[in-house]
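Encoded as structure tokens, the structure appears first; notes follow it.
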Amino acid sequence: MKTKILAIATFCMALLIGIQMSVIVSNFSGYFTSPAQLELEVLGEPDISSAKPTIGIRISYIGHSSSDPDFGSTMRYLIYNGSSKTLNCVGYNGICASPEIFIREQNQSAWVCMNGSSLYTIAPGQTAELMVGPYDFIQLPRKADEVTVGYEFTDPEGQTTQYFAEPMRLPSAFRDEIRDHLAKTDSL
């Protein structure tokens, strides 16, 4: 008899709890409904002729090459001249060289012999490359250091201005190349 009473009491409690839960859920159902499906309006093909070019001078990292035939391991940056002035840079084969390098807000650019270099111009709306080699560093950045690379351009009036890419951590393979280069120069 006690077992039947216990079973009936358990059933009644479960039924009561179930009813209470359904009341609670129905009161909050407005908060938990799925969002209505979004309707997208297609306006047709984009008109790329109305795209506006980036304004200003931008330097962006575009990759690391460990086998440049002329210079060995290099990091490459794309320079975009979105200004109205022509910019001048010095380098080799149309690639700007001798970058500005900052590590922990300190200038870490090495002096590089520019024998055989030429003066190049970057017209408004044009791009050029900036080459950064292990020999451009006077110090090995720590693994967690963010390195800022840029260039000091000269305009036709002779004024110089520095522009920089976003700070970044160097690829580990490139850090190894810097370490090897600095070890060689220390042994000289």
Side-chain angles (χ1 to χ4, degrees), residues 43-182:
L43 300 175
E45 293 294 317
D47 180 14
I48 59 171
S49 65
S50 65
K52 300 213 182 330
T54 304
I55 297 173
I57 296 162
R58 304 275 188 254
I59 300 177
S60 305
Y61 175 69
I62 57 175
H64 169 244
S65 168
S66 58
S67 61
D68 186 285
D70 296 324
F71 301 101
S73 180
T74 58
M75 288 182 10
R76 301 285 184 149
Y77 288 80
L78 183 69
I79 301 167
Y80 171 72
N81 183 1
S83 74
S84 59
K85 293 184 176 185
T86 298
L87 301 174
N88 297 317
C89 73
V90 176
Y92 308 93
N93 299 327
I95 298 174
C96 300
S98 192
E100 301 289 321
I101 299 171
F102 284 84
I103 303 169
R104 295 183 302 279
E105 298 180 13
Q106 296 177 354
N107 189 342
Q108 299 297 323
S109 306
W111 178 83
V112 177
C113 175
M114 297 297 284
N115 283 343
S117 64
S118 300
L119 181 66
Y120 297 97
T121 60
I122 309 169
Q126 299 297 311
T127 61
E129 276 193 48
L130 172 62
M131 171 181 63
V132 181
Y135 44 82
D136 288 315
F137 289 79
I138 60 172
Q139 177 184 357
L140 177 66
R142 294 182 297 217
K143 195 174 189 176
D145 281 343
E146 290 201 332
V147 176
T148 306
V149 172
Y151 198 82
E152 184 173 273
F153 295 99
T154 306
D155 66 20
E157 290 83 37
Q159 292 186 332
T160 60
T161 309
Q162 293 177 326
Y163 293 94
F164 294 93
E166 289 292 320
M168 64 175 279
R169 291 188 179 128
L170 298 182
S172 59
F174 192 73
R175 286 184 70 255
D176 293 343
E177 302 257 354
I178 295 169
R179 180 182 297 110
D180 293 345
H181 172 74
L182 293 174

> How far apart are the closest heavy atoms of Pro134 and Ser73, and which atoms are they?
Replying inline: CD-O, 3.1 Å
> For Gln139, what residues pass the side-chain hydrogen bond (donor to acceptor under 3.5 Å, both in side chains) criterion, not counting sequence neighbours?
Replying inline: Gln108
Under 3.5 Å, which donor-acceptor pairs link side chains of residues 167-176 to any protein atom two or more places apart or in another chain?
| from | atom 1 | to | atom 2 | distance (Å) |
| --- | --- | --- | --- | --- |
| Arg169 | NE | Ala144 | O | 3.1 |
| Arg175 | NE | Pro141 | O | 3.0 |
| Arg175 | NH2 | Pro141 | O | 2.8 |
| Asp176 | OD1 | Arg179 | NH1 | 2.8 |

> Tell me the salt bridge (Lys or Arg N to Asp or Glu O under 4.0 Å) pairs involving residues 87-104, sequence neighbours left out?
Replying inline: Arg104-Asp145
> Where do Ile122 and Ala128 come nearest, in terms of heavy atoms and distance?
Replying inline: CD1-CB, 3.6 Å
> Sequence neighbours excluded, which residues qualify as salt bridge (charged side-chain N to carboxylate O under 4.0 Å, His left out) partners of Asp136?
Replying inline: none
> How many angstroms lie between CG in Leu78 and OG1 in Thr127, if you round to the nearest 0.5 Å?
Replying inline: 5.0 Å
>> Going by the rule side chain to side chain contact (heavy atoms under 4.5 Å, CB included), which residues pair with Ala110 if we only count those two or more places apart in sequence or in a different chain?
In response: Ile138
>> Measuring from atom NE2 of His181 to atom CG of Leu140, what distance do you get when rounded to the nearest 0.5 angstrom?
In response: 11.5 Å
>> To check you understand the geometry: which heavy-atom pair defines the closest contact between Leu87 and Ile57, and what is its length?
In response: CD1-CD1, 3.6 Å
> Which residues pass the side chain to side chain contact (heavy atoms under 4.5 Å, CB included) test with Thr161, sequence neighbours left out?
Replying inline: Tyr163
> CD1 of Ile79 to OG of Ser60: how many Å apart, nearest 0.5 Å?
Replying inline: 10.0 Å
> For the atom pair CG (Asn88) and OG1 (Thr160), what is the distance rounded to the nearest 0.5 Å?
Replying inline: 11.5 Å
Would you mind writing out the side-chain donor-acceptor pairs for residues 149-158 within the sub-3.5 Å range, not counting sequence neighbours?
| from | atom 1 | to | atom 2 | distance (Å) |
| --- | --- | --- | --- | --- |
| Tyr151 | OH | Val90 | N | 2.9 |
| Tyr151 | OH | Val90 | O | 3.2 |
| Tyr151 | OH | Ala97 | O | 3.4 |
| Asp155 | OD1 | Glu157 | N | 3.0 |
| Asp155 | OD1 | Gly158 | N | 3.1 |
| Asp155 | OD1 | Gln159 | N | 3.0 |

>> The criterion is salt bridge (charged side-chain N to carboxylate O under 4.0 Å, His left out); which residues satisfy it with Glu129, sequence neighbours excluded?
In response: Arg76
> For residues 108-128, which residue pairs qualify under salt bridge (Lys or Arg N to Asp or Glu O under 4.0 Å), counting only residues two or more places apart or in two chains?
Replying inline: none
> Quick one: salt bridge (Lys or Arg N to Asp or Glu O under 4.0 Å) pairs with a partner in residues 112-127, sequence neighbours left out?
Replying inline: none
> What distance separates Leu130 CG from Tyr77 OH, expressed to the nearest 0.5 Å?
Replying inline: 8.0 Å
> What distance do Glu166 atom CD and Thr148 atom OG1 have between them, rounded to the nearest 0.5 Å?
Replying inline: 8.5 Å
> Is there side-chain contact between Val132 and Phe137, with at least one heavy-atom pair below 4.5 Å?
Replying inline: yes
> So which heavy atom on Ser109 is nearest to which on Ile101, and how close?
Replying inline: OG-N, 2.7 Å
> Can you name the residues that form a side chain to side chain contact (heavy atoms under 4.5 Å, CB included) with Ser98, not counting sequence neighbours?
Replying inline: Met114
> Tyr92 and Met131: which non-hydrogen atoms are nearest, and at how many Å?
Replying inline: CD1-CE, 4.3 Å
